[in-house]
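Report on the following structure.
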Amino acid sequence: MGKLTAVAGRLSALARLLGTCSRRWREEEEEEEDVTPFWAVPKDDNNKNGAQAEPDEDEAKLPPGFELATSLKDNGNDYFAKGSVEEAIAIWVQALDALHASPEGEAVTDDSAGDAADSAAPTQGGGEDGEAAADATRSPTDGAASAADDATTPASSKAASAGGDSPAVAAAAANAAAAAAAAAAAARGGAHPAAALGGLLQAAAAAAEAGRGHEREEEDVRVVELRATLYSNLALGHMKQRQWRQALNFCEEALHDQPKNQKALYRKADCLAELGSWTDAEEALVKLESLGEEATRLAAQKREAWKRRWKAADDKQKKMWSAALAKQQKAAEKEKEAAESSVTVTNGTNGTNGTAAKTAAKPKAVVLPAWAPPKISPMCVFDLRRKGIEWVENEDFDDKVWRDSLGRSPVSSYYRQAMPLALLAATAIADMDIESNITLHCILDGNTAPFAEPHDWGILLTRLPHLKSLMVVYIDIGSVSEKPAAGAQMPYGTLLRPVEEAKHGDRVAHSARFLGTYKEFREHCMELPGIVAPQLVLWADAPLFGHSEQELATRVEALTMLASQGAPIVITQESEIPEHGGPTGGPWLADTAKQSLAILELGLGAKAVNGWHWSRFVIPLDQTEKGILAAHSVVGVVRPKGSRATSATCASIRKALRDHSVEASAQQRVPGLGPPTPADTAALKMQW
């Protein structure tokens, strides 16, 4: 019964304090009705009809604490402009408190405040033992009755003080007081404790209803706007102090009041970027772009700032490693010079009297530094968003599809989409302007990338609204066996009739196929300028060295002819990527891909425009010991130019590779683990 007494006391205090403890709402005070007789009202010469003049807008009643909060906000802005960030933050917090302070008309009386403090503060002795010690001189029933008597004060006065101008809140407060009174009556009448407890629960429900009544009240627009401004200012102050997590919380508070607050969205994106949440930061910028041209300009500026920041970080890292390598190389050269210039002194007895004989200095051999693979950066969605490309973001940028499901989802869907999306991503990273009518030469090795699965070239029509026509010409430069396998085979040296791959309105994508070398293709299609001259080339995963001397010659011939045409070449190479949930580390550049990049840089003098990237649009081919062997893993755009590219030969490329300590022979493909064995299947079942 002692617990029942404590609950009744706290409930009565809650009923008295309803309406004065909210921070997110504020109601205007009830004005007293003017009962002055009309004959006692002084006449207005400007209003002869006796109608009351409407008050000016400046004389409109401001919400409680609004004027003080506005003054404090301006004062904080002044301190912030002077560089006093700590003082500005403290003043803005005071402004928030002033904005939500209880008005004088709704102040809690001393008696009710004292009762509330008595019921909320811990009694001496702590917890329930303290309450039992305080109530030891009176019976439990009397204690419950006396505690609830405070709640039996006239319900009308309690409801009026709690609800103000809101009838719904006043009625809910009255219900709470009536329920508390019923609980007190049950306690005085010696009713069973369960009956009194039921009354208290009813009172608690009524009190909750009273609180919900306040939530339904609409706030003054000026209060909402000022509060959002203060939260946004607090976010800026914490950003100045590099307290990104606190600043992000204040941005969220500002956006709770004003979801379209440009400053709050801009600062939220900045905080998320500093915290490393790049996906959420980009989502904030996308929301910002939807707010108009100015917001779009701000989002573009922020993305450019991020790119410059990443580039500066990369340049700094490159300089650091270059300095370390140069220092190491310089030390090695000094040691070599000291060894070569050593002097052999002989103390002979044949009359030379110890003359010094210096060894003849040998000519220095030119040793070129060993070649190291270029840095391969992860593909970021920020780099893919550019004018003219309309990505389907919920599909193209879904990590569940292109990262988490690799090796688990059917491979057919990746076959259709990965190559067109990887091509589009490469053009976006290289800042290429794609023409409205394109002939694309897709060069591949049919022995490793057969035509069994068609590609969805309608993806380009969907993502590139300005693209009117697309002609894709597959050119299979892989070696052909003298004894072809059984079944239908492509005719060698013949261009198959173009077929329609996709259509969007009057915009169409066609594809044609040719089996043979690139030189044979150009000679065969010489009279078809719309097909033989490409605007874009895709070198799809074919190793540049090949697997034999003949394949190397075929590939070098194709590269030199493409360099003479001047069309940009999108290069993709297969490599190993980590499996989601598998071993950590990676991705890992395959030996065939490493050799291909070396041929491009050392043999042809071609470097990737804006660097090489790990593509997010890949095709899982096989499981390896490290992770997954995936097609289109590495992607970049090159533009081979000059005599070095147009006159390259197999001998010049081999020499360039050997001079820079690169293996000048065919590399083996990354071995896969093949299909799972029964033991693997059993182990997988045991794992799950």
Side-chain angles (χ1 to χ4, degrees), residues 371 441-452 473-487 489-496 513-526 532 534 537-565 567 569-575 590-606 621 629 631 634 638 640 643-660 662-671:
W371 178 83
H441 286 182
C442 181
I443 300 177
L444 46 79
D445 187 344
N447 297 312
T448 58
F451 298 126
V473 183
Y474 293 98
I475 305 172
D476 183 0
I477 63 173
S479 58
V480 179
S481 175
E482 296 180 359
K483 295 181 179 180
Q489 297 291 324
M490 284 184 57
Y492 187 88
T494 302
L495 180 69
L496 298 184
R513 290 171 171 80
F514 181 87
L515 177 60
T517 66
Y518 193 73
K519 181 179 180 181
E520 292 170 340
F521 163 75
R522 287 182 58 82
E523 293 175 351
H524 180 74
C525 303
M526 187 63 67
V532 74
V537 179
L538 172 60
W539 191 284
D541 281 36
L544 267 63
F545 198 96
H547 299 90
S548 64
E549 186 70 22
Q550 180 60 36
E551 288 190 357
L552 175 61
T554 301
R555 283 154 169 74
V556 171
E557 180 185 72
L559 289 171
T560 54
M561 296 182 72
L562 291 173
S564 62
Q565 292 177 353
I569 307 175
V570 177
I571 304 288
T572 64
Q573 292 289 300
E574 66 179 29
S575 285
D591 291 338
T592 54
K594 187 184 302 183
Q595 191 179 52
S596 296
L597 300 188
I599 291 174
L600 289 171
E601 183 175 343
L602 303 176
L604 303 177
L621 301 177
L629 178 63
V634 180
V638 298
S643 59
R644 185 178 175 185
T646 56
S647 60
T649 61
C650 295
S652 65
I653 288 179
R654 285 181 180 276
K655 183 179 184 303
L657 295 179
R658 285 194 298 265
D659 290 345
H660 292 83
V662 179
E663 184 65 33
S665 60
Q667 297 296 306
Q668 297 297 323
R669 194 178 189 183
V670 177

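Note that the numbering runs from 1 along the sequence shown for the chain. This is a predicted model, so every value here is computed, not measured.
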Nearest heavy-atom pair of [X] and [Y]: which atoms, and what distance?
{"X": "Trp371", "Y": "Lys594", "value": "CH2-O, 3.6 Å"}
{"X": "Tyr518", "Y": "Pro534", "value": "OH-CG, 4.2 Å"}
{"X": "Ala540", "Y": "Cys442", "value": "CB-SG, 4.2 Å"}
{"X": "Val662", "Y": "Ala598", "value": "CG1-CB, 4.0 Å"}
{"X": "Arg555", "Y": "Ala542", "value": "NH2-CB, 4.2 Å"}
{"X": "Ala590", "Y": "Glu574", "value": "CB-O, 3.7 Å"}

Show, in sequence, the C-alpha distance, side-chain angles and deciding distance for Asp541 and Leu444, and conclude whether the side-chain contact (heavy atoms from CB on, under 4.5 Å) test is met. CA-CA 7 Å; Asp541 281 36; Leu444 46 79; over 6 Å; no

Taking [X] for the side chain and [Y] for the main chain, is one N or O donor matched with an acceptor at less than 3.5 Å?
{"X": "Ser647", "Y": "Ser643", "result": "yes"}
{"X": "Glu601", "Y": "Ile599", "result": "no"}
{"X": "Ser596", "Y": "Leu544", "result": "yes"}
{"X": "Glu663", "Y": "Gln595", "result": "no"}

Can you check whether Leu496 reaches Pro491 side chain to side chain, under 4.5 Å on heavy atoms?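 Yes, at least one pair of side-chain atoms sits under 4.5 Å.
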
Separation between [atom1] of [X] and [atom2] of [Y], rounded to the nearest 0.5 Å:
{"X": "His547", "Y": "Ser665", "atom1": "NE2", "atom2": "OG", "answer": "11.5 Å"}
{"X": "Asp659", "Y": "Arg654", "atom1": "CG", "atom2": "CZ", "answer": "13.5 Å"}
{"X": "Phe514", "Y": "Cys525", "atom1": "CZ", "atom2": "SG", "answer": "6.5 Å"}
{"X": "Leu515", "Y": "Glu520", "atom1": "CG", "atom2": "CD", "answer": "9.0 Å"}
{"X": "Ile569", "Y": "Leu559", "atom1": "CD1", "atom2": "CG", "answer": "6.0 Å"}
{"X": "Leu604", "Y": "Leu562", "atom1": "CG", "atom2": "CG", "answer": "10.5 Å"}

Gln550 atom CD, neighbour heavy-atom count above 12 within 6.0 Å: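 Not more than 12 within 6.0 Å, no.
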
Under the ring-ring contact (aromatic ring centres under 6.0 Å, His included) test against His441, which residue among Tyr474, Trp539, Phe521 passes? Phe521

